[in-house]
Every structure is written in structure tokens, then in C-alpha cells.
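This report refers to the structure that appears directly beneath it.
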Number of protein chains: 2
Amino acid sequence: MYCNDTACYLVALTTFMILPILEIKNSSKRGRGVFANDNIKQDTVIEISPVIVLTEKERKIVEKTILFDYIFEWGTNKKRACVAMGYVSMYNHNYDANCEYEMDFKKRLMTIKTVKPIKRGEELFVNYNASPNDKTRVWFDKGK
Amino acid sequence: MYCNDTACYLVALTTFMILPILEIKNSSKRGRGVFANDNIKQDTVIEISPVIVLTEKERKIVEKTILFDYIFEWGTNKKRACVAMGYVSMYNHNYDANCEYEMDFKKRLMTIKTVKPIKRGEELFVNYNASPNDKTRVWFDKGK
């Protein structure tokens with residue numbers, strides 16, 4: 001069991017970190033996804049990664065590409081966007097996600113935290129609506 | 001000393017990995033950079049990260065934004081580009097780099113390997129010309 005203490009230690013070690021128990025693997029019908037290769041306690045910070053911030057104008061440009069599916073809205077008014085490094089952009093969407101993300105607009109970083117206990121081998125999901133249980137249809141699920 | 005065996009073990013564990021001894025910190029005059037918080041042997045694979053591939057058309061679009069400074073040319077003819085995840089996009093440039101990157105066009109991943117012994121606390125650099133010692137001026141160094 002990967003304990004919160006370990007996560008806390010890694011956070012203390014550096015502003016940015018990715019727990020080495022995270023794996024990128026193929027997720028059926030979803031392309032690549034992030035998986036846990038060990039159990040993880042609920043409320044464990046599993047990743048803190050830097051982001052590249054795009055201006056409102058740049059966001060409109062980038063949204064014309066495949067990056068539309070990867071960027072996150074950024075800033076308190078959500079007009080800008082960011083490309084997240086680490087594994088942040090690799091988490092698939094789930095309307096009942098087992099992880100959540102938090103943004104630090106000042107430090108230009110995103111934190112991923114578990115919101116449920118994770119079992120070894122489980123895929124880790126975030127809810128692209130930001131809130132782990134928000135059932136609002138996301139763009140690629142419209143009309144289904 | 002972080003040994004190659006450990007790196008190999010991590011590689012075996014998953015296709016993708018980032019050694020937990022890598023840190024993202026501020027690099028003087030260069031914004032953020034990747035640093036080693038332990039000694040690393042030469043020829044150690046320190047990171048294997050996924051990339052998001054852009055078509056030739058998408059590359060031209062994305063190059064109009066700040067992402068121009070982050071994307072890598074992609075494909076044997078170098079006409080496409082990729083946005084690299086993990087910490088790959090965070091390594092600063094050096095004409096005498098202590099790391100090098102390798103691209104796997106089929107698996108859509110990039111590998112970062114040390115080409116020199118690294119001392120704890122050292123910043124890790126790649127040469128944006130691909131070859132660790134290529135002295136060709138890079139775009140942000142033109143006219144200096």
C-alpha cells in the first residue's frame with residue numbers, strides 16, 4: 001500500500017512529482033490512460049506537474065488541432081488554456097472519477113489527487129468537468 | 001548513486017517512466033528546467049514519456065503560439081511535430097548537453113538518456129539540435 005506519507009515526502013522533496021507507481025498503458029477504446037501499479041489510499045496526491053499556459057488568442061488557435069482534446073481551461077475566468085506536462089493530459093475521463101485535479105494559476109501547475117481508494121491495476125480517471133461527479137456531458141460524449 | 005539497474009527495472013515495469021530523482025526547478029534566466037536530486041551514471045535512461053503527434057498542418061497552426069518553443073519535429077521526414085508529456089518539454093537547451101533524446105515514431109514516445117555522469121543538483125540539458133554536441137545555432141539563439 002502506497003501511503004500518504006510517501007506522497008507527502010515526495011511533495012516536500014520537490015514542487016513537482018509523479019508517484020513512480022503510475023503507469024501509462026493502453027486503455028480499451030480510450031487510447032492511452034494512466035494506471036496504478038499499487039494500491040493507493042484515498043486523498044493521496046499522486047502527481048504535481050507543470051503546465052504551459054496559452055493566452056486566450058493562442059487557445060483559439062490551438063483548439064483547431066488535436067490538442068483541443070488535451071488542453072485544460074485556465075485562469076479564474078477560464079478564457080485561457082494550458083497544456084499540462086507530466087501525465088496530467090493522459091488521464092481519461094469518467095463521470096464518476098477516482099481522481100480529481102486542482103490548478104494553481106500562480107505556480108502554473110496542476111495537482112492530481114485520488115478521491116477514492118485505488119486498487120492495484122485500476123485505471124485512474126479525472127472528470128473533464130473538473131468536479132469528480134459532474135455528469136454534464138463532455139464534448140466527445142455529446143449526442144450519445 | 002542511482003544505478004542503471006534501477007532504471008532498467010523501471011523500464012521493465014512499464015513502457016513509460018520518469019525516475020523519481022528528477023526535479024523541475026527554476027533555472028536561472030531559462031525559466032523552469034529539469035534537475036537531478038541524486039548522482040546518475042552515464043547512459044542511464046531517466047525518462048520514457050508519451051507524445052501527442054501533430055500533423056504537418058496542425059504543426060503549422062501550433063507554431064503560431066508559445067508551443068513553438070516546446071514542440072519537437074516528428075517523423076522520419078521531420079514534417080510533423082509532437083508535444084511531449086512527462087518532463088521531456090521541460091529540459092533546457094545546451095550545445096554541450098548532458099542528456100540526449102530518442103524518438104520512437106511507432107510507439108509515440110520519447111526517451112531521455114544521460115550521455116555524461118550527472119552530479120546531484122546538476123541541471124539536465126538536451127541539445128535542441130538532437131545531437132548532444134551539435135553547435136548549430138538554435139532559433140532563440142540566432143543573431144547573438
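Chain letters run A, B, ... following the sequence lines, proteins first and then strands; every chain starts at 1.
Under the 4.5 Å side-chain heavy-atom criterion for grouping Ile, Leu, Val, Met, Phe, Trp and Tyr, A:Phe125 is not connected to A:Val88 through any hydrophobic cluster.
For the options A:Val62, A:Thr65, A:Leu54, heavy-atom pairs under 4.5 Å to chain B are most numerous at A:Thr65. Counting heavy-atom pairs under 4.5 Å between each of B:Arg32, B:Met85, B:Lys64 and chain A puts B:Arg32 at the top.
Taking CG of B:Leu19 as the reference point, atom CD1 of B:Ile48 lies at 9.0 Å (rounded to 0.5 Å). Once rounded to the nearest 0.5 Å, the distance linking CG of A:Leu124 with CD1 of A:Ile24 reads 9.5 Å.
Judged by distance alone, with hydrogens and angles left aside, the side-chain atoms of B:Lys135 form a donor-acceptor pair with the main-chain N or O of B:Asn133 at under 3.5 Å. Not a single donor-acceptor pair under 3.5 Å links the side chain of A:Asp38 to the backbone N or O of A:Ile21.
Counting only residues at least two apart or on different chains, no salt bridge (charged side-chain N to carboxylate O under 4.0 Å, His left out) pair has a member in residues 82-94 of chain B. Under the ring pair (Phe, Tyr, Trp, His ring centres under 6.0 Å) criterion, no residue pair touches residues 37-66 of chain A, with sequence neighbours excluded. Applying the side chain to side chain donor-acceptor pair (under 3.5 Å) rule to pairs touching residues 49-61 of chain B yields B:Glu47-B:Ser49, B:Thr55-B:Glu58, B:Arg59-B:Glu63, B:Arg59-B:Glu73, sequence neighbours excluded.
Taking non-hydrogen atoms and a 4.5 Å limit, the residue list of residues 89-106 of chain A in contact with chain B, ordered by number, reads A:Ser89, A:Met90.
The part of B:Tyr70 that comes within reach of chain A is its side chain, from C-beta onward, which places non-hydrogen atoms under 4.5 angstrom from that chain. For B:Val53, the part sitting under 4.5 Å from any heavy atom of chain A is the backbone (N, CA, C, O) and nothing else.
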